[in-house]
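Here the structure comes first, spelled out in structure tokens, and everything after it is commentary.
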Amino acid sequence: MKALEQKILSEGQVLPGNVLKVGSFLNQQMDSDFIMEIGREIARLYADEGVTKVLTVESSGIALAVAAGIALHVPSVFAKKHKSANMSKEVYTASVYSFTHGMEYEIAVAKEYISERDRVLIVDDFLANGNALRGLMSIVSQSGASLAGCAVAIEKGFQGAGDAMRAEGIRIDSLAIIDSMTDEGVTFRA
Ligand code: 5GP
């Protein structure tokens, strides 16, 4: 998606530790029209997949998942990062190692929101080492639902996880794939 590459080039900041900051349009301030554009692009890619639910993890995936859900006319569900008292005891859980925070945490989705009748599209903002997507895929598999695929806005291709998952036969769609990222600039996979 050329518009996303342009946005990364004009507004993204490369931080130490291979972190790309996109707080001006995706992660803190959200560019509403642009988020919807991404949602429509994801919906276009999965239009024929019979998706019934979009699944993401809080918090940075939520905006994109909602946008994709609106465009596909299906509900979006987010995994919570901590078990909370008001959540049903009946939850699917998975352990996820956070790339940006350097720690392990648990994600949980109430069983009532995903069932074996669902066809799930996983959406997230970034694909780095693939731990968030693998945690969400574990939840889909525990639920008995089928997985349509995973759509992310930005894949850091140089970290290799996206290609490893594709090699396993998992459908991964990334709207921008970064090949390299330094203080000098960002280059994208053609
Ligand atoms: P993974 O689990 O694939 O290693 O990392 C994906 C998660 O970490 C995403 O949900 C995203 O929130 C966060 N993340 C990974 N890399 C980056 C990055 O370069 N920039 C930002 N803003 N978030 C990232």
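Ligands are counted one by one from 1 in listed order, and the atoms in each one are counted from 1 as well.
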Could you list each N/O atom of ligand 1 together with any protein N/O atom closer than 3.5 Å, one pair per line with the distance?
from, atom 1, to, atom 2, distance (Å)
ligand 1, 2 (O), Asn131, N, 3.1
ligand 1, 2 (O), Ala132, N, 2.8
ligand 1, 3 (O), Ala128, N, 2.8
ligand 1, 3 (O), Asn129, N, 3.1
ligand 1, 3 (O), Gly130, N, 2.7
ligand 1, 4 (O), Asn129, N, 2.7
ligand 1, 10 (O), Asp124, OD2, 2.9
ligand 1, 10 (O), Asp125, OD1, 3.3
ligand 1, 12 (O), Ser60, OG, 3.2
ligand 1, 12 (O), Asp125, OD1, 3.3
ligand 1, 16 (N), Lys156, NZ, 3.0
ligand 1, 19 (O), Leu20, N, 2.8
ligand 1, 19 (O), Lys156, NZ, 2.7
ligand 1, 20 (N), Leu20, O, 2.8
ligand 1, 22 (N), Leu20, O, 3.2
ligand 1, 22 (N), Asn27, OD1, 2.8

I'd like to know if Lys7 and Glu37 make a salt bridge, using a cut-off of under 4.0 Å between side-chain N and carboxylate O.
no
Verify the neighbour count for atom CD of Gln28: are there more than 12 heavy atoms of other residues, nucleotides or ligands below 6.0 Å?
no
Asp118 and Thr52: side-chain donor and acceptor closer than 3.5 Å?
yes
Please check if the side chain of Lys81 supplies one atom and the backbone of Glu58 the other of a donor-acceptor pair under 3.5 Å.
yes
Crowded around Arg166 CZ? As in, over 12 foreign heavy atoms under 6.0 Å?
yes
If only side-chain N and O atoms count, and only distance matters, is there a donor-acceptor pair under 3.5 Å linking Tyr46 with Asp173?
yes
